[in-house]
Amino acid sequence: MNNEPLPIPKRVRFVELSAKALRALAGGDLAGGSAEAGIALDEYFVCDRARWVFGYRADQLAADPSAAPWITRIAVSEPDDAVVGYAGFHGPPDEAGMVEVGYTVVPGYRRQGYARAMLTALLVRAVAEPGITTVRATISPDNDASLATIAGFGFTRVGEQWDERDGLEIVFEVPVDAMQAEQLYGLGGHGDRPGQAMT
């Protein structure tokens with residue numbers, strides 16, 4: 001019999017990025033982006049991929065300021081306050097009530113449960129939000145880590161798509177009414193109550 005204690009599920013909170021912080025990071029200004037965010041970020045937040053994401057989200061915010069509560073935020077682990085990645089929705093719910101999730105873990109924190117904690121927090125938000133009917137995730141077929149992350153959350157493969165930047169992606173969806181916040185806490189260990197996951 002194995003007497004090793006079970007690992008404690010990771011927990012994260014999100015720090016919102018202002019338009020100014022997004023623009024600074026997109027421009028490679030790590031010090032300015034950190035100052036605007038009010039949290040020390042490392043070089044990963046100005047790598048090519050991150051700069052593209054933050055630039056895209058800054059443009060999205062400029063076109064639609066109402067997207068602010070939905071888009072990419074910095075993920076901070078609790079209770080140690082380590083900056084472990086960034087996550088958010090791709091935007092507000094569409095006319096059918098669908099939102100798409102996205103999450104990235106800083107390399108030094110990968111394979112420790114943080115992606116699962118981020119996804120849990122996003123799903124808790126989706127469950128609590130009136131009008132959301134479906135959560136989508138799009139994942140490259142060779143991204144075994146992300147495919148493993150969504151396992152157990154009820155996602156079903158619904159198709160494929162070609163992304164100009166990322167290439168072939170598998171499209172997964174889960175209906176919000178198939179999830180319950182209490183079950184999500186157990187899956188990901190996030191302690192926030194519904195509606196607070198993205199604050």
Side-chain angles (χ1 to χ4, degrees), residues 2-22 24-25 29-47 49-50 53-54 57 68-90 99-129 132 135 137 143-155 174 176 179-199:
N2 187 347
N3 290 326
E4 290 185 30
L6 291 172
I8 297 171
K10 302 296 185 185
R11 293 169 37 118
V12 296
R13 63 181 172 85
F14 293 118
V15 175
E16 185 171 347
L17 292 170
S18 66
K20 199 169 178 182
L22 289 167
L25 293 170
D29 180 1
L30 182 60
S34 294
E36 283 297 323
I39 191 162
L41 304 174
D42 70 20
E43 291 291 329
Y44 186 74
F45 290 86
V46 289
C47 71
R49 173 70 183 183
V53 168
F54 296 135
R57 297 301 173 211
W70 297 93
I71 61 173
T72 308
R73 294 166 181 238
I74 302 300
V76 179
S77 68
E78 293 185 327
D80 61 344
D81 286 334
V83 177
V84 297
Y86 54 89
F89 299 100
H90 288 204
V99 290
E100 184 171 343
V101 293
Y103 47 88
T104 299
V105 180
V106 172
Y109 290 98
R110 290 179 181 165
R111 302 194 182 280
Q112 297 178 38
Y114 288 111
R116 194 168 182 80
M118 289 183 218
L119 178 58
T120 300
L122 295 171
L123 293 176
V124 167
R125 164 79 190 275
V127 167
E129 192 73 32
I132 294 182
V135 178
N143 189 341
D144 294 333
S146 264
L147 293 170
T149 296
I150 68 166
F153 284 98
F155 283 90
V174 61
V176 167
M179 299 182 287
Q180 292 185 352
E182 290 74 21
Q183 293 171 326
L184 292 171
Y185 299 134
L187 286 169
H190 195 281
D192 288 346
R193 301 311 308 163
Q196 296 181 337
M198 292 287 288
T199 60

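None of these values were measured; they are calculated from a predicted model. No hydrogens, no waters, no symmetry mates; every other heavy atom, side chains included, goes into these values.
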Residue pair [X] / [Y], side-chain heavy-atom distance below 4.5 Å:
| X | Y | result |
| --- | --- | --- |
| Val135 | Val127 | no |
| Val105 | Met118 | yes |
| Val12 | Val76 | no |
| Phe153 | Thr120 | yes |
| Ser18 | Leu22 | no |
| Arg116 | Lys10 | no |
| Phe155 | Leu123 | yes |

Open item on the list: Could you measure the distance from the CG atom of Asp29 to the OG atom of Ser34? Nearest 0.5 Å is fine.
Closed with: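 Going from CG on Asp29 over to OG on Ser34, the span is 8.5 Å.
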Open item on the list: Using 0.5 Å steps for rounding, measure from the CG atom of Leu17 to the CD1 atom of Ile74.
Closed with: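 Atom-to-atom, Leu17:CG and Ile74:CD1 are 4.5 Å apart.
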- [ ] Could I get the full list of side-chain hydrogen bond (donor to acceptor under 3.5 Å, both in side chains) partners for Asp81, not counting sequence neighbours?
- [x]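 side-chain hydrogen bond (donor to acceptor under 3.5 Å, both in side chains) check on Asp81 returns Arg13.
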- [ ] Sequence neighbours left out, what passes ring pair (Phe, Tyr, Trp, His ring centres under 6.0 Å) with Phe54? Give chain and number order.
- [x]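 With sequence neighbours excluded, Phe54 shows a ring pair (Phe, Tyr, Trp, His ring centres under 6.0 Å) to Tyr86, given in chain and number order.
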Going by side-chain contact (heavy atoms from CB on, under 4.5 Å), name the residues that satisfy it together with [X], two or more places apart in sequence or in a different chain.
| X | result |
| --- | --- |
| Glu100 | His90, Met98, Arg136, Thr138 |
| Ala82 | Ser77, Asp80, Val84, Tyr109 |
| Ala35 | none |
| Asn143 | Ile139, Ser140, Ala145, Ser146 |

- [ ] Taking Thr149 for its side chain and Ala115 for its backbone only, find out whether a donor-acceptor pair lies under 3.5 Å.
- [x]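 No: the side chain of Thr149 does not pair with the backbone of Ala115.
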Open item on the list: Determine whether a donor-acceptor pair (N or O, by modelled atom type, separation under 3.5 Å) exists between the side chain of Arg49 and the backbone of Phe45.
Closed with: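 Not a single qualifying donor-acceptor pair exists.
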Task: Closest non-hydrogen atom pair between Ala24 and Gly33, with its separation - done: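 That would be CB-N, 3.6 Å.
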Open item on the list: To check you understand the geometry: which heavy-atom pair defines the closest contact between Val15 and Arg73, and what is its length?
Closed with: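 Heavy atoms of Val15 and Arg73 come nearest at O-CB, 3.3 Å.
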Open item on the list: Check whether Trp70 forms a cation-pi arrangement with Arg57 (NZ or CZ under 6.0 Å from the six-membered ring centre, at most 45° off the ring normal).
Closed with: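 Ring-cation test returns no.
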- [ ] Carefully, step by step, assess Val83 and Asp42 under the rule side-chain contact (heavy atoms from CB on, under 4.5 Å).
- [x] CA-CA 8 Å; Val83 177; Asp42 70 20; over 6 Å; no
